[in-house]
Novice: 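I have a structure here, written as structure tokens, and I will follow up with some questions on it.
All figures in this text were calculated on a predicted structure; none of them were measured in a lab.
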Protein chains: 2
Amino acid sequence: MHLVVPAGGTGGARFVRGLLSALEALPGPHRVTVVANTGDDVTMWGLRVCPDLDTLTYTLGGAVSEEQGWGRQGETYVVRDELAAYGVLPTWFALGDHDLGTHLTRTSMLAGGATLSEATALVAGRWGLPARGVELLPMTDEPVETHVRVRDADGERLVHFQEYWVGLRAAPEVVEVVAVGAEASRPAPGVLEAVASADAVLLPPSNPVVSIGTVLQVPGVRAALEATAAPVVGISPLVGGAVVRGMADKLLPSLGVAVDAGSVARHYGPALLDGWLVDTVDADLVPGVVEAGIPCRAVPLLMTDVPATAAIAREALELAGVL
Amino acid sequence: MHLVVPAGGTGGARFVRGLLSALEALPGPHRVTVVANTGDDVTMWGLRVCPDLDTLTYTLGGAVSEEQGWGRQGETYVVRDELAAYGVLPTWFALGDHDLGTHLTRTSMLAGGATLSEATALVAGRWGLPARGVELLPMTDEPVETHVRVRDADGERLVHFQEYWVGLRAAPEVVEVVAVGAEASRPAPGVLEAVASADAVLLPPSNPVVSIGTVLQVPGVRAALEATAAPVVGISPLVGGAVVRGMADKLLPSLGVAVDAGSVARHYGPALLDGWLVDTVDADLVPGVVEAGIPCRAVPLLMTDVPATAAIAREALELAGVL
């Protein structure tokens, strides 16, 4: 089976890890193409940082900090502390020493003319992703950076998503989310081909606004997902009207979308979705989703560990009809 | 007293530390302007690295690794090991994690339009150099990079000084030393003014070819040293016909200079030097230096510790006639 998973960071990475575990129990071979959101990317300390690509790589490569859900396990912060002592570079977006090796390597490759796809493949290669049957692609090789128009006591202003999320801790009201550069971007090599030839596409419980929503803004990607013969099945990132992690609950209202599992399904819409999983606590939302033309089931959706996540992935594959 | 010290890295830094100790025993106030060689500078991992400036800063700021004579004490190499695991960036020039904070800060300042002088002042400020009465200036704000034309089994080629010294461990024969960019460079702000207003200029036992020799190649610097009313007194980097550390013995022949304390004095010449100190083991070389028109004394020159180095600095100040 060939599965395609458009994904953000922590939630997407944990879902793919569970999916790989589910696939191991099925007669193979299987392969998974992950199309990562790059809208969270930021240039920090002069280095190109790709949080979602790295969280996916570290998680699937067994190097992620399980407590955080991002970054490297056993991380140290010697460089960050030194920068703080100098006081020139901002340290609110702390990059760890191990992590810096990734950013320095990627930045150097990009400066030398490599594409983000090429740098991503090099990094993923070190962490053994190809050997696990995973191909990790950025959604695009062009720079796209999600910005958020926020409103607080200081007035209204456009800030980088990382400044909103990490720097301002998602405190200000969100007026608008803008994927700067998305309109002029093109899908990275392999993205449209993977969607077209997939046996199924799974949307993990990543942020529907700034993770999967951003991937969908790369021209051609939504159309490819709507056109593919493969079933597209999504997993709700909202459980009981709240986010399991992240800040989707604060961003959905800016799109006029209510903060519940059914509203997110209708936001994606029946042209995109061929199936939708909600948590058992949201079973009452199933009829409304089905009524909108999207097959829907209620199953346990908390990714508490790898086996629980594998069970979710298996439910998605079943709903997709590929088991 | 205002003293000016053109200097390279380890030897220069240790000498200045001894000089500060000697000055503390004299009625003050005193100040020392150090004009650092920047010809060893190199762009590594995309970062601007200034080895001599940093060795001077760390040594005078009490943060240097005493064992190495450069780099930070208690240094760690997490980032370097990560880069080695990726295998894209070269790791023969290892930058430590603590040290990286300096390079990231400086590189970011330069990218933002600051001069090397401004970045140097910021770094030196953190390490308390102004409070110790030390002003640290780069010889120039323009990029100058010393290259070495080497000859070995692979033939003749021009390599960066760091590749010759660190990468090739000074093994190949040296045909020529070229300070690329020196001709078009200008002395950094304050350099010529410091030389003109100094009470004495001391040349520490730094490399006469690639440290002090490079500073002298910045247009206007040698002329200012020859024209200043201040006495210029140098300390031989060679003791008993050998280098105490470094590779001056391998570079001097490329200039046609013999590897002994007297020949180095004559290479600098009487127009530049108003005094020269050789080690007691080289006492037999004193008459030849005096004959060349350079007052000369033989005193113990091994900088074994700070008191021994302070004694050398005191001898230099005495020979300069400023005590």
Novice: Decide whether B/His98 and B/Glu75 meet the rule of one side-chain donor and one side-chain acceptor closer than 3.5 Å.
Specialist: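 B/Glu75 and B/His98 do have a side-chain donor-acceptor pair below 3.5 Å.
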Novice: Given heavy-atom pairs under 4.5 angstrom as the criterion, report whether the side chain, backbone, both or neither of A/Leu104 touches chain B.
Specialist: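 When you check distances to chain B, atoms from both the backbone and side chain of A/Leu104 fall under 4.5 Å.
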Novice: At a 4.5 Å cut-off on heavy atoms, which part of B/Thr105 comes close to chain A: side chain, backbone, both, or neither?
Specialist: both
Novice: Do NZ/NE/NH1/NH2 and the carboxylate oxygens of B/Glu82 and A/Arg106 come within less than 4.0 Å?
Specialist: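 Looking at B/Glu82 and A/Arg106, the cut-off is not met.
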Novice: For the pair A/Phe161 and A/Trp165, name the ring-plane relationship: parallel under 30°, tilted 30 to 60°, perpendicular over 60°.
Specialist: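 Rings of A/Phe161 and A/Trp165: parallel, as their planes differ by under 30°.
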Novice: Between B/Ala85 and chain A, which part of the residue has a heavy atom less than 4.5 Å away: side chain, backbone, both or neither?
Specialist: both
Novice: Which bit of B/Arg72 is near chain A, if near means a heavy-atom gap under 4.5 Å: side chain, backbone, both or neither?
Specialist: side chain
Novice: With a 3.5 Å distance limit and no angle check, can you tell me whether A/Trp45 reaches the backbone of A/Pro90 through a side-chain donor-acceptor pair?
Specialist: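 Yes, because the side chain of A/Trp45 sits within donor-acceptor range (under 3.5 Å) of the backbone of A/Pro90.
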Novice: In the structure I gave you, are the side-chain heavy atoms of A/Arg157 and A/Asp152 within less than 4.5 Å of one another anywhere?
Specialist: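 Yes; the side chains approach each other to less than 4.5 Å.
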Novice: Is chain B contacted by the side chain of A/Val88, its backbone, both, or neither, given a heavy-atom distance below 4.5 Å?
Specialist: side chain
Novice: Looking at A/Gly46, A/Ser108, A/Ala111, A/Gly112, which one has more heavy-atom pairs under 4.5 Å with chain B than the rest?
Specialist: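 Top option by heavy-atom pairs under 4.5 Å: A/Ser108.
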